2 protein chains.
Amino acid sequence: MATTQEMPSETLRASRPSDPVSPLEKEALKQIALLGGIMEQVELNSSEFASLLATSQQTASRRILELVEEGLVERDLGVRKQRLKITPQGLEVLKAEHAAYQRIFELSETVHLTGRVRSGVGEGQYYMSQDGYVRQFRAKMGFTPYPGTLNVELSGPEVNKLRLLKARPAVVIERFQTEERTFGGVHAWPARISGRACAAILPNRTHYTRVIEVIAPEHLRSSLSLKDDDPVELEVEVRD
Amino acid sequence: MATTQEMPSETLRASRPSDPVSPLEKEALKQIALLGGIMEQVELNSSEFASLLATSQQTASRRILELVEEGLVERDLGVRKQRLKITPQGLEVLKAEHAAYQRIFELSETVHLTGRVRSGVGEGQYYMSQDGYVRQFRAKMGFTPYPGTLNVELSGPEVNKLRLLKARPAVVIERFQTEERTFGGVHAWPARISGRACAAILPNRTHYTRVIEVIAPEHLRSSLSLKDDDPVELEVEVRD
DNA sequence: ATTACTATTCTACGAGTAT
DNA sequence: TATACTCGTAGAATAGTAA
């Protein structure tokens, strides 16, 4: 499980670190929720539950036991039908699942990237000291960049999300020349890192990188106390 | 089997038999989608995929094969990493799942009930001919009810959803008296049945019924060509 | 390096049934 | 009626590798 799920700490329960909930259990939880199990108790015998889950009565029964065992569902075992209600922990599982689907069909145009802090070879500072970049960032991104970049290496599959980014319109930072050399253009997207406004940038025509650079009005490493290999989440804003 | 039919029309649903997609496969689809597999191809080797799914490389590989087999994912098997993209059918699966979670968290203020048409003993016509009811419905629901009700028997677990309904504010139709007898009050909620405006009604203090009655400005049985035991979907509007 | 076959392990399903 | 136990077994997951 590489992705760090949203963890709203409103119900700080004494529950264990919420060991992985299997897809089968999520499906079961979802069915209970669809019947109103978040708001009210739901009367549901194991045979009915079985047909909702397309499985046998025995398996449905066992599934309920699992859910109860994991604290995701509370049960009143009446004489006739059992009554089920989703617990706050169960609700968190559902919310996380819902959030995942919200991201997939996101209306709020954000790409969530997770990666780790890497140290570059200090070029970030050199580049972001160039007046040609500084003036463009100030004009187009609305802040004066701290002279340095935070390198974020995307881990494994996360790299795919760069394709989503590149497909969206970016703020174009133009190439420019000094007396010594030429500095290439970059694409930039407004972003947030741990809540701080920043910009995610990629040099033009970089195709196979797994590193994205972050610039900000402040020195992120110190203001966020970041060390190499620290995990970070980057929320990049994209629009059409 | 693998005939991928392009499906340009949104409304023309995938008429494919679409054998049940298991929760495990849905989870896999979801992970691909989170990496951008709806918009773009996603580079994902089976080991990376395995860790996303918290399973082994072999199982991840097999899962991809299943998804391809079922036409939910398209694959380019390159030399290095395979590239995956979710097909229109796969997208439908994800949309359905998303819709389920949307319902759970009631961003749509609608309770969806499914059931079957039942014939009452003709009391519906008797009641809905009473001026005391007719005038109240006209005033409070905005239409003159056809003299008769459509009985919808909720099947099995659907009955639980009535509890959701009862917990929401309803239009209150008051009890009234004639010279012969007293007619009890009912609760009503605006609703739609096969797109037609109607109202779902429940007598006050009915607790253990599995039948909900539907009234409308028209004779639903004929205008919707409904026979006994026909399945119907009822979308009841609820507000706070 | 990949993917995915075959063989093996073992989980989890469902039949039968106790409660 | 229910739920849920034991237990034999099908099929899913993994190990070991081939390609």
Side-chain angles (χ1 to χ4, degrees), chain A residues 1-2 19-29 31-32 35 37 41-86 155-160 208 210, chain B residues 1-2 19-29 31-32 35 37 41-85 155-157 159-160 208 210:
Chain A
M1 214 64 69
D19 22 26
V21 178
S22 77
L24 259 29
E25 288 167 346
K26 285 183 195 166
E27 174 68 22
L29 214 48
Q31 292 296 342
I32 296 170
L35 295 174
Q41 284 191 329
V42 160
E43 288 188 3
L44 194 58
N45 66 37
S46 52
S47 301
E48 289 170 337
F49 198 36
S51 51
L52 289 177
L53 300 181
T55 186
S56 67
Q57 172 268 320
Q58 291 90 333
T59 295
S61 171
R62 188 155 26 76
R63 194 85 74 223
I64 291 167
L65 257 22
E66 290 167 21
L67 293 174
V68 171
E69 178 66 25
E70 299 186 31
L72 305 175
V73 161
E74 242 169 29
R75 179 166 72 153
D76 282 357
L77 231 182
V79 252
R80 291 185 42 73
K81 292 181 177 183
Q82 57 194 338
R83 287 190 297 281
L84 305 177
K85 185 151 192 308
I86 290 168
S155 37
E158 287 284 302
V159 176
N160 286 289
Y208 298 114
R210 51 193 315 109
Chain B
M1 174 77 169
D19 22 26
V21 178
S22 77
L24 258 29
E25 289 168 343
K26 284 184 197 165
E27 174 68 21
L29 260 189
Q31 292 296 344
I32 296 170
L35 296 174
Q41 285 192 327
V42 160
E43 287 188 4
L44 194 58
N45 67 37
S46 53
S47 301
E48 289 170 338
F49 198 36
S51 53
L52 290 178
L53 300 181
T55 185
S56 67
Q57 172 269 319
Q58 291 89 336
T59 295
S61 172
R62 186 160 31 74
R63 194 85 74 226
I64 291 167
L65 258 21
E66 289 167 21
L67 293 175
V68 170
E69 179 67 25
E70 298 185 31
L72 303 176
V73 161
E74 245 170 27
R75 180 166 70 151
D76 282 358
L77 229 182
V79 251
R80 290 188 45 74
K81 293 182 176 181
Q82 58 195 337
R83 287 190 297 280
L84 305 177
K85 185 154 194 308
S155 37
V159 176
N160 286 290
Y208 299 113
R210 52 193 315 110

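Predicted, not measured: the structure shown is a model, and the values here were computed from it. Because only heavy atoms are used, hydrogens play no part in the values below, and waters and symmetry mates are left out as well, while side chains stay in. The chains referred to below are lettered A, B, ... by the order of the sequence lines, with proteins before strands, and numbering in each begins at 1.
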Here the distance between atom C1' of C:dC13 and atom CD of A:Glu27, to the nearest Å, is 17 Å
Nucleotide nearest B:Thr55 when distance is taken to its side chain, options C:dC5, D:dA13, C:dA15: D:dA13
Counting any heavy atom closer than 4.0 Å, what does A:Ile64 reach on the DNA or RNA strands: base, sugar-phosphate only, or nothing? nothing
Are any of the side-chain nitrogens in A:Arg210 or A:Glu158 under 4.0 Å away from the carboxylate oxygens of its partner? no
Using a strict 4.0 Å threshold on nitrogen-to-oxygen distance, state whether A:Glu27 and A:Arg63 make a salt bridge. no
Rounded to whole Å, please give me the gap between CD in A:Gln57 and P in C:dG16. 13 Å
With DNA chain C as reference, determine whether A:Ser56 or B:Gln82 sits nearer its 5' end, using the nearest nucleotide of each. B:Gln82
SB check B:Glu74 B:Arg83 (cutoff 4.0 Å): no
Is A:Arg62 close enough to D:dA4 that one of its side-chain N or O atoms is under 4.0 Å from OP1 or OP2 there? no
Of D:dA2, C:dT3, C:dA4, the nucleotide closest to the side chain of A:Asn45 is D:dA2
Distance in angstrom units between B:Phe49 CZ and C:dA4 P, rounded: 13 Å
Whether the B:Gln82 and B:Asn45 side chains hold a donor-acceptor pair (N or O, under 3.5 Å, no angle test) is what I'd like checked. no
Mind calculating the distance between CG (B:Leu24) and C1' (C:dA12) to the nearest angstrom? 12 Å
From the candidates C:dA15, C:dT3, D:dA4, the one with an atom nearest any side-chain atom of A:Gln58 is C:dA15
Would you indicate, yes or no, if C:dA4 has its OP1 or OP2 atom less than 4.0 angstrom from a side-chain nitrogen or oxygen of B:Arg75? yes
How close do B:Leu44 and A:Pro157 get, heavy atom to heavy atom, and via which atoms? CD1-CB, 3.6 Å
Between P on D:dA13 and CG on B:Leu65, what's the gap in Å once rounded to a whole number? 13 Å
Give the rounded distance in Å between these two atoms: CG of A:Leu67 and P of D:dT3. 15 Å
Strictly below 4.0 Å: does A:Thr59 bring a side-chain N or O up to OP1 or OP2 of C:dG14? yes
Taking 4.0 Å as the cut-off, does a side-chain nitrogen or oxygen of A:Arg63 come that near to OP1 or OP2 on C:dC13? yes
Taking only the side-chain heavy atoms of A:Ser61 (C-beta and beyond), determine which of C:dG14, C:dT3, D:dA4 contains the nearest atom. D:dA4
May I have the distance from B:Glu66 (atom CD) to C:dT3 (atom P), rounded to whole angstrom? 16 Å
In this structure, how many angstroms lie between the C1' atom of C:dT2 and the CD atom of B:Glu48, rounded? 11 Å
